[in-house]
Protein chains: 2
Amino acid sequence: MENKITPAQHTEMPDLEVLFDLADLFKVFGDSTRIRIMFTISDNEMSVLSIAEALNMEQSTISHQLRVLRQNKLVRVRREGKQIYYSLDDDHVKKIIEMGLDHVLE
Amino acid sequence: MENKITPAQHTEMPDLEVLFDLADLFKVFGDSTRIRIMFTISDNEMSVLSIAEALNMEQSTISHQLRVLRQNKLVRVRREGKQIYYSLDDDHVKKIIEMGLDHVLE
DNA sequence: TTAACATATGAACATTTATTCATATGTTCA
DNA sequence: TGAACATATGAATAAATGTTCATATGTTAA
């Protein structure tokens, strides 16, 4: 179904700084723990401990990785009492993952 | 234009193995040298030396990174005489980069 | 075959990064 | 206030990764 004839598309090379940011963004997706976290919270928001239990990993590990996701604006945070709930920031994130999945699954 | 109402979409968590592959794929995009290489050859195929010159980096560095791209099936290779020409493997690759760019550029 | 050139590769090194442990911070409830 | 719980964080360690240097492999043309 592909093979639409695409006009020779001149891809402008973005500024170096943007390229570094881009690489940094993909770096965040380039860790299986973070990927698993993102899948885990893709349907419903979840508390840190729930995520840790779901993945059978240490709370500390999850917390460290959630920080990375937070710093890169890939997750949303909401506090409710003692717990802190994390969810994916937007559908953008899902789409990036889907694109990658497409490629991995041939 | 977004904000189409999306049905609560049950995102199945893929097998662990797939998740590792997915992380590995993104890992490849998570290096600025490789990103720059991909942009450099996104319009036209280029020889290893040309790429190295374009990026002002060592031939060895580029060759090592091209190997990573090759192993992950992100580039196509064509030999012509002494030179070896690299190009992006498919539009898939471009799309993944574009998705990332969208997020980086807000 | 040899010289000149293009690319690939192994080893070494420096840097980055993920995880763990221990503990700090923050919240609730008695 | 203090105890119990949830989360965050700093330091330490081990593992992974990118670049460089030196050199090997492969190709062409004389």
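Residue numbers start from 1 in every chain, and the chains themselves are labelled A, B, ... in the order their sequence lines are given, proteins ahead of strands.
Hydrophobic clustering of Ile, Leu, Val, Met, Phe, Trp and Tyr side chains at less than 4.5 Å, counting indirect connections, keeps A:Leu66 apart from A:Leu49. Cluster membership check: A:Met13 shares its hydrophobic cluster with B:Tyr86, using side-chain heavy-atom separations under 4.5 Å among Ile, Leu, Val, Met, Phe, Trp and Tyr.
In this entry the distance linking CG of B:Leu49 with C1' of D:dG26 reads 15 Å, nearest Å. A:Gln59 has its CD atom 11 Å from the C1' atom of D:dC5, to the nearest Å. In this structure, the CZ atom of B:Arg67 is 13 Å from the C1' atom of D:dT17, given to the nearest Å. Taking atom CZ on B:Phe29 and atom P on D:dG18, their separation rounds to 14 Å, with Å as the unit. Computed from coordinates, the B:Asp24 CG to D:dT17 P distance equals 8 Å when rounded to whole Å. The CD-P distance, from B:Glu58 to D:dT20, rounds to 5 Å in whole Å.
Mapping A:Gln65 and A:Lys82 onto DNA chain C by nearest heavy atom places A:Gln65 at the nucleotide closer to the 5' end. Toward the 5' end of DNA chain C, the nearer of the two residues B:His64 and A:Asp31, judged by each one's closest nucleotide, is B:His64.
The side-chain heavy atoms of B:Leu101 and A:Pro14, taken from C-beta on, include a pair separated by under 4.5 Å. Residues B:Leu88 and B:Arg76 are not in side-chain contact: their nearest non-hydrogen atoms beyond the backbone lie 4.5 Å or more apart. At least one side-chain heavy atom of B:Ile97 sits less than 4.5 Å from a side-chain heavy atom of B:Met38.
Taking the six-membered ring where tryptophan is involved, the planes of B:His92 and A:His103 are tilted, since the angle between them lies from 30° to 60°.
At a threshold of 4.0 angstrom between heavy atoms, the contacts of B:Tyr85 with the nucleic acid are absent.
Distances shorter than 4.0 Å separate none of the side-chain N or O atoms of B:Ser60 from OP1 or OP2 on D:dT20.
Distance check, rounded to the nearest 0.5 Å: CE of A:Met57 to NE2 of A:His64 gives 12.0 Å.
Scanning DNA chain C 5' to 3' for nucleotides with an atom closer than 4.0 angstrom to a non-hydrogen atom of chain B gives a first and last hit of C:dC5 to C:dG10.
As the counterpart of C:dA30, D:dT1 is assigned, both hydrogen-bonding distances of the Watson-Crick or G-U wobble pattern falling under 3.5 Å.
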